[in-house]
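Structure first, then comments.
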Amino acid sequence: MTEPAPPPAPPPRRDDTMGEFDLPFLERLSLQMQGIVIAVVLRVTDLLLLLLRPRLLKPYFGLWWQRILWTPFRWRRTFEMARALQATGQSFRELMYGETPLVTALWFLKRAGVGRGSRVVDLGAGRGRVLLAARWWGAGAHGVELIADHVARVSPWLQPVGITLTVGDMTREPLGDATHIFCNWVAFSPETKDRLVTHLRTCAPGTRIITVTRPIEAEGFSGHSSHWMLFTWGLEKVWLQQYLPGPTASP
């Protein structure tokens, strides 16, 4: 008796590619055109706002110049990126996310109560526009980013206006002096979210957490108020929460 034929081999895994998100040509073209129109409108809005804070114009243009020269935020691998991801336990997909326009960052930071005396920490700061928005309101601004070469290229543009950007793992960055934290929550894997929740519990009670698309659904993170805001890919919800680990005992 002959043995049954083995099952067909599964197709090759397309790890860390955009293959499974392929769209029909016309639909993809329509989305790309929509993104270009939104991006142009937001760039113009950013520049008009920065005319009110002219000292922030130079770092803003510097960030875009560095993007033209070189950027790690595309679907490609480098040795440095692979090593950084291995050290932090993250996947390549978790680094890929849309940009936060300055006008949007200004709006949600204001809604979160950012002002002089605040300290905003951006976990996964990318090109740093949220940090520029924090400085626009007169707050302290600090970002942490995984890719060392990116930090080396953009931090000299940010330092003259009081913004610090360092290389590091967001799940280990000291948060004790933060009053507001912004993080790219929705794109993280469940494992990264678990590590980040554990780390966010080191914040001071009352620290405000800002996330995009989804709130942090874990004990101690309350508020869950949301507002629709415009990003480079369209309208999205921004969630404002507070870290309140429990009732404070009466003296």
Smallest heavy-atom separation, Ala178 atom then Val121 atom, equals CB-CG2, 3.7 Å
For a side-chain contact (heavy atoms from CB on, under 4.5 Å) check, start with the C-alpha distance between Arg55 and Arg135, then their side-chain angles and the critical distance, and finish with the verdict. CA-CA 10 Å; Arg55 69 193 186 95; Arg135 293 299 295 145; 3.4 Å; yes
Has the side chain of Glu145 got a donor or acceptor atom that lies under 3.5 Å from a matching backbone atom of Val167? no
For Thr100, is there any backbone N or O sitting under 3.5 Å from a side-chain donor or acceptor partner on Thr104? no
Between Glu173 and His142, do the side chains contain a donor N or O and an acceptor N or O under 3.5 Å apart? yes
Taking every heavy atom of Ser118 against every heavy atom of His180, the minimum-distance pair comes out as OG-CE1, 3.8 Å
When you look at Trp136 and Lys110, which way does the side-chain contact (heavy atoms from CB on, under 4.5 Å) test go after all the steps? CA-CA 10 Å; Trp136 201 96; Lys110 187 63 174 178; over 6 Å; no
Taking atom CH2 as the centre, does Trp65 end up with more than 12 heavy-atom neighbours from other residues, nucleotides or ligands that are less than 6.0 angstrom away? no
Would you mind listing every salt bridge (charged side-chain N to carboxylate O under 4.0 Å, His left out) that reaches into residues 116-125, with sequence neighbours excluded? Arg119-Asp177
CG of Leu57 to CG of Asp46, rounded to nearest 0.5 Å, is 10.5 Å
Separation between OG1 (Thr171) and CG (Leu123), nearest 0.5 Å, reads 9.5 Å
Taking the side chain as C-beta and beyond, is there a heavy-atom pair between Leu63 and Leu132 under 4.5 Å? yes
Strictly distance-based, threshold 3.5 Å: is any side-chain N or O of Gln242 a donor or acceptor partner for the main-chain N or O of Ser222? no
Which atom names give the shortest non-hydrogen contact between Cys183 and Leu196, and what distance separates them? SG-CD2, 4.2 Å
If you group Ile, Leu, Val, Met, Phe, Trp and Tyr by side-chain heavy-atom gaps below 4.5 Å, do Val37 and Leu235 land in one group? no
Once salt bridge (charged side-chain N to carboxylate O under 4.0 Å, His left out) is applied, what residue pairs with a partner in residues 203-217 remain, sequence neighbours excluded? none
Minimum heavy-atom distance between Ala134 and Ala141, given as atom pair plus value: CB-CB, 4.0 Å
Ignoring hydrogens and angles, tell me if any N or O in the side chain of Trp157 forms a donor-acceptor pair with the backbone of Tyr60 under 3.5 Å. no
Determine, using the 4.5 Å side-chain heavy-atom cutoff (strictly less than), whether Leu42 and Phe61 are members of one ILVMFWY cluster. yes
Between Ser155 (side chain) and Val151 (backbone), is there a donor-acceptor pair under 3.5 Å? yes
Quick note, ring pair (Phe, Tyr, Trp, His ring centres under 6.0 Å) partners involving residues 191-219, not counting sequence neighbours, are none
Same cluster (ILVMFWY, side-chain, under 4.5 Å), Leu244 and Ile209: no
For Phe108 against Leu240, the heavy-atom pair lying closest together: O-CD2, 4.2 Å
Output for pair (Thr202 OG1, Leu175 CG), nearest 0.5 Å, gives 4.5 Å
How close do Thr179 and Gly117 get, counting heavy atoms only, and between which atoms? CG2-O, 4.5 Å
So, the side chain of Trp137 versus the backbone of Leu106: is there a donor-acceptor pair under 3.5 Å, distance only? yes
Pairwise distance CH2(Trp185) to OG1(Thr192) - rounded to 0.5 angstrom: 9.5 Å
Give a yes or no answer on whether the side chain of Tyr243 reaches the backbone of Leu200 with a donor-acceptor pair at less than 3.5 Å. no
How long is the gap from CD1 on Ile181 to CD1 on Ile216, to the nearest 0.5 Å? 8.5 Å
Go through the steps to decide whether Arg111 and His227 satisfy the test side-chain contact (heavy atoms from CB on, under 4.5 Å), and finish with yes or no. CA-CA 9 Å; Arg111 297 286 301 188; His227 308 273; 2.8 Å; yes
Given the rule in the side-chain contact (heavy atoms from CB on, under 4.5 Å) test, do Phe182 and Val212 qualify, once you have shown the distances and angles that lead to the verdict? CA-CA 9 Å; Phe182 178 76; Val212 181; 3.8 Å; yes
Distance in Å, Ile38 CD1 paired with Thr45 OG1, rounded so as to fall on 0.5 Å steps: 11.5 Å
Determine whether Leu102 and Val41 fall in the same hydrophobic cluster, where Ile, Leu, Val, Met, Phe, Trp and Tyr are linked whenever their side-chain heavy atoms lie under 4.5 Å apart. no
Would a single hydrophobic cluster contain both Trp228 and Trp239, if residues Ile, Leu, Val, Met, Phe, Trp and Tyr are joined by side-chain heavy-atom contacts under 4.5 Å? no
Report the C-alpha distance between His224 and Gln241 in whole Å, list the side-chain angles of each, state the deciding distance to 0.1 Å, and finish with yes or no for side chain to side chain donor-acceptor pair (under 3.5 Å). CA-CA 5 Å; His224 290 218; Gln241 300 174 262; 2.9 Å; yes
